[in-house]
Amino acid sequence: MDLAALRAQQQALAHLVVTEDRLIADPPRWVGGADVGFEDEGRITRAALVVLAWPSLALMEYQIARIPTVMPYIPGFLSFRETPALQAAWQQLSRKPDLLLVDGHGRSHPRRLGVACHFGLLEDVPTIGVAKKRLCGQFQLPSEAPGALAPLTDKDQQLGWVWRSKARCNPLFISTGHRVSLDTALSWVQRCMAGYRLPEPTRWADAVASRKPAFLRWQEIHE
DNA sequence: GCGACAG
DNA sequence: ATCTTGTCGC
């Protein structure tokens with residue numbers, strides 16, 4: 001793989017990312033969550049997508065796609081590795097979410113094209129990046145108080161938010177993916193919380209992908 | 001040159 | 001990301 005070419009592609013795509021809101025007029029009915037994992041020692045990429053109803057945050061649908069891994073993990077190029085599997089799972093969805101929370105960064109990326117931006121562009125769906133670790137930018141650690149907030153910045157421009165979603169937990173890194181403003185991104189993540197560190201769409205996507213007990217129980221009741 | 005570095 | 005049990009703290 002040619003990283004210089006991929007880097008150029010990121011810069012070109014980053015220009016197409018829309019930082020304004022699309023859903024101000026029509027609040028989302030279906031909020032999705034995306035998570036990617038690997039199997040068979042990394043040879044298989046597995047993407048899990050879930051659709052929750054809003055505001056109940058009840059799980060409505062899930063889809064899992066498995067495809068041969070196309071690229072190794074290289075910081076800054078994650079989207080090229082995860083996007084193919086996410087697209088496969090997206091096509092299997094019977095109802096497309098109005099808004100999608102993606103596990104990873106959005107605009108808080110060295111070239112402003114995290115996986116949330118990249119996937120949002122490919123499917124033209126509003127997305128928000130919700131990451132567990134910093135990739136780039138600077139920030140002051142939010143206070144210990146739950147709800148504490150700090151801007152994630154780089155060269156006097158704000159890339160996202162560092163938000164303490166829960167007491168005694170490390171903060172989350174929230175940023176615009178596509179067609180969602182920074183303030184709206186934070187707002188919707190907050191509206192998708194249910195007492196855990198991660199928002200429900202992300203938690204469910206992870207539960208589905210990892211076949212966690214919460215999902216197995218849901219499956220028994222709904223299938 | 002050295003350290004940092006989503007999942 | 002993934003391999004994995006117990007353990008400390010609220």
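Side chains included, hydrogens not; waters and symmetry mates left out as well; all remaining heavy atoms used. So you know, we letter chains A, B, ... as the sequences are listed, proteins then strands, and number each from 1. Everything numeric in this text was worked out from a predicted model, so none of it was measured.
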Counting only pairs under 3.5 Å, give me each side-chain donor-acceptor contact of residues 200-209 of chain A, with atom names and distances, residues two or more places apart or in other chains.
from	atom 1	to	atom 2	distance (Å)
Glu200(A)	OE1	Arg203(A)	NH1	3.4
Glu200(A)	OE2	Arg203(A)	NH1	2.9
Asp206(A)	OD2	Lys212(A)	NZ	2.7

Dot-bracket notation for DNA chain C, counting Watson-Crick and G-U pairs under 3.5 Å, with | for partners on another strand
..........
What does the 5'-to-3' dot-bracket notation of DNA chain B look like when only Watson-Crick and G-U wobble pairs under 3.5 Å count, and pairs to other strands show as |?
.......
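Contact annotation: Arg43(A) does not reach the phosphate of dA1(C) (side-chain N/O to OP1 or OP2, under 4.0 Å).
Considering only residues two or more places apart in sequence or on other chains, Leu122(A) meets the side chain to side chain contact (heavy atoms under 4.5 Å, CB included) condition with Thr83(A), Gln87(A), His118(A). Residues that satisfy the side chain to side chain contact (heavy atoms under 4.5 Å, CB included) test with Lys96(A), not counting sequence neighbours, are Trp90(A), Leu93(A). Evaluation of the salt bridge (charged side-chain N to carboxylate O under 4.0 Å, His left out) rule for Arg112(A) yields Asp154(A) as partners, not counting sequence neighbours.
From the 5' end on, the contacts that DNA chain B makes with chain A at under 4.0 Å to a non-hydrogen atom open and close at dA4(B) to dG7(B).
Although no hydrogens or angles enter the test, the distance criterion places no donor-acceptor pair under 3.5 Å between the side chain of Arg66(A) and the main chain of Phe38(A).
Here Phe80(A) is tied into one hydrophobic group with Met1(A), Leu3(A), Leu6(A), Val70(A), Met71(A), Ile74(A), Phe77(A), each link being a pair of ILVMFWY side chains closer than 4.5 Å. Hydrophobic cluster membership of Val17(A), counting Ile, Leu, Val, Met, Phe, Trp and Tyr whose side-chain heavy atoms lie under 4.5 Å apart directly or via other members: Leu13(A), Leu16(A), Leu113(A), Leu121(A).
For Arg111(A) against Gly76(A), the heavy-atom pair with the smallest separation is NH2-O, 3.4 Å. Closest approach of Arg164(A) to Cys169(A), counting heavy atoms only: NE-O, 3.2 Å.
Listed by residue number, the members of residues 154-168 of chain A with any heavy atom below 4.0 angstrom from DNA chain B form an empty set. Listed in residue order, the members of residues 106-114 of chain A having a heavy atom less than 4.0 Å from DNA chain B are His109(A), Gly114(A).
For residues 130-151 of chain A, every residue pair satisfying the side chain to side chain donor-acceptor pair (under 3.5 Å) rule, not counting sequence neighbours, is listed here: Asp103(A)-Lys132(A).
Thr45(A) has its side chain out of reach of Glu82(A): every pair of non-hydrogen atoms, C-beta onward, lies at least 4.5 Å apart.
Contact annotation for Gly76(A): base contact, defined as any heavy-atom pair under 4.0 Å involving a base atom.
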